Novice: 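Pasting a structure here, questions to come.
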Amino acid sequence: MTKDIDTDLAMKCRTWAFEEAKGVLKRLRAVGKGEVKTPEKGYVLFETGYGPSGLPHIGTFGEVCRTTMVMHAFQRLSDIPTKLICFSDDMDGLRKVPTNVPNQDLLRGALGMPLTSVPNPFDTEHKSFGEHNNARLCSFLDSFGFDYEFMSATKDCYHAGRFDSTLRQMLVQYDEIRTAVLPLLGEERAATYSPIFPIVQKKGEDKPYPVILHNVALRGIEDLDQGIATFEVMDDSEAERTGYKAGERITQSIFKGGCKAQWRADWALRWYAMDVDYEMAGKDLVTAADYAAKIVQILGGRGPAGFRYELFLDENGLKISKSKGNGLSMEDWLTYAPHESLAYYMFQRPTSAKKLFFDVIPKAVDEYITFAEKLNDQDPAQKLDNPAWYIHDGVVPETQHTPVSFALLLNLVNVANTEDKNVLWRFIKRYKPEATPENAPFLDRLTGFAIQYYKDFVLPEKTYREPDDRERAALSALATALESMEDGQEAEEYMTAVFSAGKDSGYEKDELRNWFQALYQILLGQDQGPRFGSFIALYGVKETAALIREALEGKLIKAA
RNA sequence: GAUCGCGUAGCUCAGCCGGUAGAGCAACUGACUUUUAAUCAGUGUAUUACAGGUUAGAAUACUGUCGGGCUCACCA
């Protein structure tokens with residue numbers, strides 16, 4: 001790519017993304033024995049992991065988004081080609097049945113199977129549960145335009161034999177690896193811990209039914225080059241699920257899909273086999289990542305560079321958990337704001353815990369807009385301090401331009417009292433006559449979000465009331481007056497009509513305030529509203545008249 | 001128990017390779033308006049948790065204390 005940023009300048013940049021990218025350089029220098037050079041695989045590998053037992057979520061987005069930012073930074077530090085791989089750990093066993101998935105019985109009958117062997121409970125063309133979720137991950141990532149390569153543990157690695165040479169080595173160093181992990185484990189677990197789990201056919205099943213044996217110990221290596229080894233089952237904890245009881249022995253090849261590594265070891269296996277240069281991890285995984293790095297060292301390699309980001313908390317400072325349903329979900333955010341604003345949020349200080357709840361959304365959107373608006377005019381040093389640089393990889397597209405803030409838009413949609421984008425656009429044009437949905441597509445998206453916000457949070461609060469006799473007479477007079485008027489007149493003209501209708505129906509001068517309040521309460525379902533003359537001008541004369549007629553017929557109350 | 005981050009204006013937070021403390025919201029004042037809201041303009045006298053040391057100078061780096069919190073220690 002063209003060098004938009006001078007390398008020296010990039011080296012001086014101290015934002016976390018560049019600090020991380022420098023960490024990658026440091027790793028390359030160590031691996032290259034003092035020289036930074038292109039790795040044998042031909043590129044620098046940035047990896048993010050994904051567990052396909054659930055759907056992609058806000059954490060998935062955060063990792064891919066942030067890793068991409070580091071990769072973009074790295075591209076300013078070095079000419080070495082880069083690649084981002086989103087790795088799906090889809091050989092992992094199905095441990096429990098997710099409650100938010102159809103065909104619960106189907107899944108209950110597949111416990112213990114690798115996810116890519118679990119039948120697909122969804123009505124999609126994918127053969128397995130794992131593959132279905134993989135596809136979900138990809139379409140999720142694609143919807144944001146991430147530039148990545150998908151990799152399946154089952155298909156691309158275990159079964160393809162890609163991990164075999166590393167597995168061979170793990171077999172040789174089995175005890176060493178096991179010993180390294182033991183200090184981390186509780187006593188009970190340590191007794192039966194194995195870094196490698198053989199995958200066997202469940203006993204007593206006619207159909208193919210692969211299950212992962214977790215409670216085994218390596219007893220001997222029969223043929224190292226074929227990966228053939230003997231394992232002994234250590235207890236009866238999985239007897240019911242697998243048919244294997246304590247003391248039974250299994251001799252088989254662990255190559256070509258014959259085994260699965262325990263997750264800490266699996267991480268190490270992947271890092272070593274693929275020579276991963278960078279992978280970040282959430283704080284909940286720090287210990288595991290440290291141990292995985294130790295295992296990589298035992299294998300003779302060096303773990304990837306990468307840092308530990310803090311977790312997201314809810315409004316009360318508690319960890320966001322999908323099962324508890326606290327905090328904000330991906331869907332919540334994307335319902336009310338563009339993904340660019342979420343990327344902006346992800347850029348903000350990943351090393352300190354952030355509260356992620358509803359109120360942060362509008363602020364994130366407006367801060368994103370502020371930075372995006374000024375990026376292209378800044379000098380290179382300033383650009384590197386601008387979050388928008390990281391979100392858009394250097395240049396903000398013209399289509400992102402928006403002359404109006406999200407906060408203003410939220411006010412506008414409230415005032416406009418509309419679920420119609422076109423009406424909202426008329427209000428926007430009053431502020432910024434040059435803006436159109438065509439020349440400001442990002443603003444057009446924002447109007448959609450603002451309307452959604454209005455629908456979900458403002459509209460339910462509305463309470464329309466019935467007009468009394470005097471109000472009824474005044475409203476009726478106003479409707480009649482408006483029906484004889486045309487669009488396109490000054491707001492003052494309409495305002496005069498509103499005042500006349502009020503005065504003619506008996507409102508004294510000091511009482512007119514009540515007349516306006518009545519309009520809002522009866523027509524808009526709220527105690528306050530826009531200047532009414534302007535409202536008519538923007539909403540439309542005929543439309544306003546129609547609205548009044550509806551109110552008089554009591555339709556608005558029923559609708560609400 | 002181990003680890004990691006946090007403690008700055010009423011609220012949410014920014015500032016943290018050291019140089020007299022900022023934003024948004026809230027509040028208040030004014031302008032505009034034949035109502036209100038919006039909009040526009042303006043208004044911030046915070047022991048930067050506490051203590052100590054380093055420095056010509058510390059919210060910022062260091063040491064300690066207190067407070068409250070996440071995560072890990074069964075599984076991944």
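The shown structure was predicted, so the numbers you read here are calculated from the model rather than taken from an experiment. Chain letters run A, B, ... following the sequence lines, proteins first and then strands; every chain starts at 1.
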Novice: Given ring pair (Phe, Tyr, Trp, His ring centres under 6.0 Å), test W515(A) with F499(A) step by step and report yes or no.
Specialist: CA-CA 9 Å; W515(A) 162 229; F499(A) 272 92; 8.9 Å; no
Novice: Touch check for R14(A), heavy atoms < 4.0 angstrom, all strands: base, sugar-phosphate only, or nothing?
Specialist: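 R14(A): base contact, heavy atoms under 4.0 Å.
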Novice: Over how many whole Å does the gap from L523(A) atom CG to rU36(B) atom P extend?
Specialist: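 Between P of rU36(B) and CG of L523(A): 19 Å.
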Novice: Stem finding on RNA chain B, please: runs of three or more consecutive Watson-Crick or G-U wobble pairs, both distances under 3.5 Å, sorted by first number.
Specialist: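 When the pairs of RNA chain B are grouped into runs of at least three, the stems are B:10-13 with B:22-25, B:27-31 with B:39-43, B:49-52 with B:62-65.
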Novice: Between W263(A) and K12(A), who's closer to the 5' end of RNA chain B by nearest nucleotide?
Specialist: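 Its nearest nucleotide lies further toward 5', so the answer is K12(A).
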Novice: Using a cutoff of under 3.5 Å, can you pull out all pairs of nitrogen or oxygen atoms linking the protein to nucleotides 2-11 of chain B, with atom names and distances?
Specialist:
unit_1	atom_1	unit_2	atom_2	d
rC4(B)	O2	K283(A)	NZ	3.0

Novice: Taking only residues two or more places apart in sequence or in another chain, which ones pass ring-ring contact (aromatic ring centres under 6.0 Å, His included) with F163(A)?
Specialist: Y158(A)
Novice: Nearest-nucleotide wise, let me know which of F197(A) and Q348(A) is further upstream toward the 5' end of RNA chain B.
Specialist: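 The residue closer to the strand's 5' end, by nearest nucleotide, is Q348(A).
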Novice: Can R178(A) be said to sit on top of Y193(A)'s aromatic six-ring, NZ or CZ under 6.0 Å from centre and within 45° of the ring axis?
Specialist: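 Judged by the rule (NZ or CZ under 6.0 Å from the ring centre, within 45° of its axis), R178(A) is not positioned above Y193(A).
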Novice: Would E63(A) and Y50(A) count as a side chain to side chain donor-acceptor pair (under 3.5 Å) if you check the C-alpha gap in whole Å, the side-chain angles of each, and the deciding distance to 0.1 Å?
Specialist: CA-CA 10 Å; E63(A) 273 194 24; Y50(A) 164 68; over 6 Å; no
Novice: Answer with base, sugar-phosphate or nothing: what part of the nucleic acid does L519(A) contact at a heavy-atom distance below 4.0 Å?
Specialist: nothing
Novice: From the set rU71(B), rC72(B), rA76(B), return the single nucleotide nearest to any side-chain atom of R95(A).
Specialist: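 In terms of side-chain proximity for R95(A), the closest of rU71(B), rC72(B), rA76(B) is rA76(B).
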Novice: Looking at the base of rU34(B), is there any donor atom on it, or on the side chain of T496(A), that sits under 3.5 Å from an acceptor on the other one?
Specialist: yes
Novice: Considering only rU35(B), rU34(B), rC72(B), which nucleotide approaches the side chain of D284(A) most closely?
Specialist: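 The closest nucleotide is rC72(B).
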Novice: Collect all protein-nucleotide pairs involving nucleotides 23-27 of chain B in which both atoms are nitrogen or oxygen and the distance is under 3.5 Å.
Specialist:
none

Novice: Who pairs with D420(A) by side chain to side chain contact (heavy atoms under 4.5 Å, CB included), at least two apart in sequence or on another chain?
Specialist: T418(A), N422(A), V423(A)
Novice: Taking D379(A)'s backbone N and O only, do any of them form a donor-acceptor pair with Q382(A)'s side chain (distance below 3.5 Å, no angle check)?
Specialist: yes
Novice: What integer distance in Å separates D366(A):CG from rU12(B):C1'?
Specialist: 15 Å
Novice: Taking D90(A) for the side chain and T154(A) for the main chain, is one N or O donor matched with an acceptor at less than 3.5 Å?
Specialist: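 It does hold such a pair.
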Novice: Restricting to salt bridge (charged side-chain N to carboxylate O under 4.0 Å, His left out), what partner residues turn up for D92(A), sequence neighbours left out?
Specialist: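 For D92(A) the salt bridge (charged side-chain N to carboxylate O under 4.0 Å, His left out) partners, ignoring immediate neighbours, are R95(A).
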Novice: For L478(A) and rU34(B), give me the distance from atom CG to atom P, rounded to whole Å.
Specialist: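 In whole Å, rU34(B) P and L478(A) CG are 18 Å from each other.
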